[in-house]
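First the structure, in the form of structure tokens, and then the observations on it.
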Amino acid sequence: MNGLNAAVLATIPSPDRGVWYLGPLPIRAYALCIIAGIIVAIWWGERRWVERGGIKGEVTDIAVWAVPFGLVGGRLYHVITDNQKYFGPGKDPLAALEIWNGGLGIWGAIALGAVGAWIGCRRKGIPLPAMADALAPGIVVAQAIGRLGNYFNQELYGGDTTLPWGLEIYRRVTPEGREDALAGVAIDHTPIQVVHPTFLYELLWNLGVALLIVWADRKLRLGHGRVFALYVAGYTAGRFWIELMRTDEATLIFGQRVNVFVSALVFFGAIAYFVIARSRGGREDVAAVRTAHPTDGEPVEPGESTSREAEAVEEDAEKDKKNSPESVKPE
């Protein structure tokens, strides 16, 4: 056996397809990974929120706003930064809506998802930084799970490599014989390339970031958005060097991929926030910093919600007293 064959045998095989059909219904691995990641993020975020003094069910309420906003934001960022894939001669602009074929920019997902979370938090009277701290580990693990979708789609990989963990890339074709990396099936499992699995590097890095921020949170009792800032800094540090390895098509600025610059800018911003927010003290008491009554969603001054609740209890007691048998006079 020659060296080339030995190298191929030592590499990581790709799935032969990323889409399965249940009758006419396509089951897409990418979509399943995104859904699984969202479920994990909500489940873990809920547990952390309750541990920090929050009320069970509030993370799910916030997710109702954050998840749709995040999906739209992620797709918008991808379409804007990779607009050459959808607009121009011979391109189909409607393909920009086909989110099931892959293409979510984490920067847009987090940015617009944060807007949705802010809306949900405002309605519930919850400070957004406290909620972000509870959600941070689950979000980065959700990103790791989502990267498995890139594995099934045979996308987001680097240059050629002879390393034993190199990823085999297969030629996938449709039933009509047309080459299609996303919707096609690999009939011949002879790799056309063996490449760096940068999606796997990011997956492992994200899991490491999750461990880091959980450890730091427990050790330092971080609050006021500092857990989230540490997650952002940790993620972007990894994304910077991983982005430099990727070879898939991307928008370039001064000869570098746009996300290289975005990673650097967001990293420094996160570090600055982490340092500045230290002056706000340790972890906040979630129950004490609520700023709105849960039933009305209108912002009030700290402590006012408690007085409102007391007033409501007194009003209910007065009503019960008036309606009691002793208070009703016979006619």
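All values below come from the heavy atoms of this structure, side chains included, with hydrogens, waters and symmetry mates left out.
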*Is Asp217 salt-bridged to Arg52, going by a charged N under 4.0 Å from an acidic O?*
yes
*Could you go step by step and tell me if Ile169 and Val195 meet the side-chain contact (heavy atoms from CB on, under 4.5 Å) rule?*
CA-CA 8 Å; Ile169 300 298; Val195 297; 3.8 Å; yes
*Do Glu168 and Thr11 have a side chain donor and acceptor closer than 3.5 Å?*
yes
*Looking only at heavy atoms, what is the nearest atom pair of Gly37 and Ala142, with distance?*
O-CB, 3.1 Å
*Is Asp248 salt-bridged to Arg257, cutoff N-O under 4.0 Å?*
yes
_Thr60 and Glu46: side chain donor to acceptor below 3.5 Å_ = yes
_Closest approach of Leu135 to Ala41 (non-hydrogen atoms, all atoms of both residues)_ = CD2-O, 4.4 Å
_One thing to verify: whether Lys124 and Asp61 come together as a salt bridge, which I'm taking to mean a side-chain N less than 4.0 angstrom from a carboxylate O._
yes
*asked:* For Arg48, is there an ion pair with Glu51 - N to carboxylate O distance below 4.0 angstrom?
replied: no
*Looking only at heavy atoms, which two atoms of Arg147 and Phe199 are closest? And how far apart?*
O-CD1, 3.5 Å
*Cut-off 3.5 Å, side chains only: do Tyr77 and Asn259 have a donor facing an acceptor?*
yes
*May I ask you to check whether Tyr86 and His78 place their ring centres under 6.0 Å from each other?*
yes
*Assess the side chains of Tyr157 and His196: does a donor N or O sit below 3.5 Å from an acceptor N or O?*
no
_Quick one about Tyr231 and Gln143 (side-chain donor to acceptor, distance below 3.5 Å, no hydrogens or angles considered), yes or no?_
yes
*asked:* Go through it in stages, so that I can follow the logic: the residues are Met131 and Phe228, the test is side-chain contact (heavy atoms from CB on, under 4.5 Å), and I'd like the CA-CA distance, side-chain angles, deciding distance and then a yes or no.
replied: CA-CA 9 Å; Met131 176 60 72; Phe228 192 84; over 6 Å; no
*Can you see which heavy atom on Ala63 is nearest to which on Ile42, and at what distance?*
CB-CD1, 3.6 Å
*asked:* Are more than 12 heavy atoms, taken from residues, nucleotides or ligands other than Phe261, located less than 6.0 Å from that residue's CZ atom?
replied: yes
*Measure the shortest side-chain to side-chain distance between Arg47 and Val59 over non-hydrogen atoms and say whether it is less than 4.5 angstrom.*
no
*Heavy atoms only: give me the nearest Cys33-Gly149 pair and the separation to one decimal.*
SG-N, 3.5 Å
*Evaluate side-chain contact (heavy atoms from CB on, under 4.5 Å) for Ile27 paired with Tyr21, printing each intermediate quantity in order.*
CA-CA 6 Å; Ile27 307 298; Tyr21 286 88; over 6 Å; no
*Considering all heavy atoms of both residues, which atom of His189 and which atom of Tyr170 are nearest to each other, and what is their separation?*
O-CE2, 3.4 Å
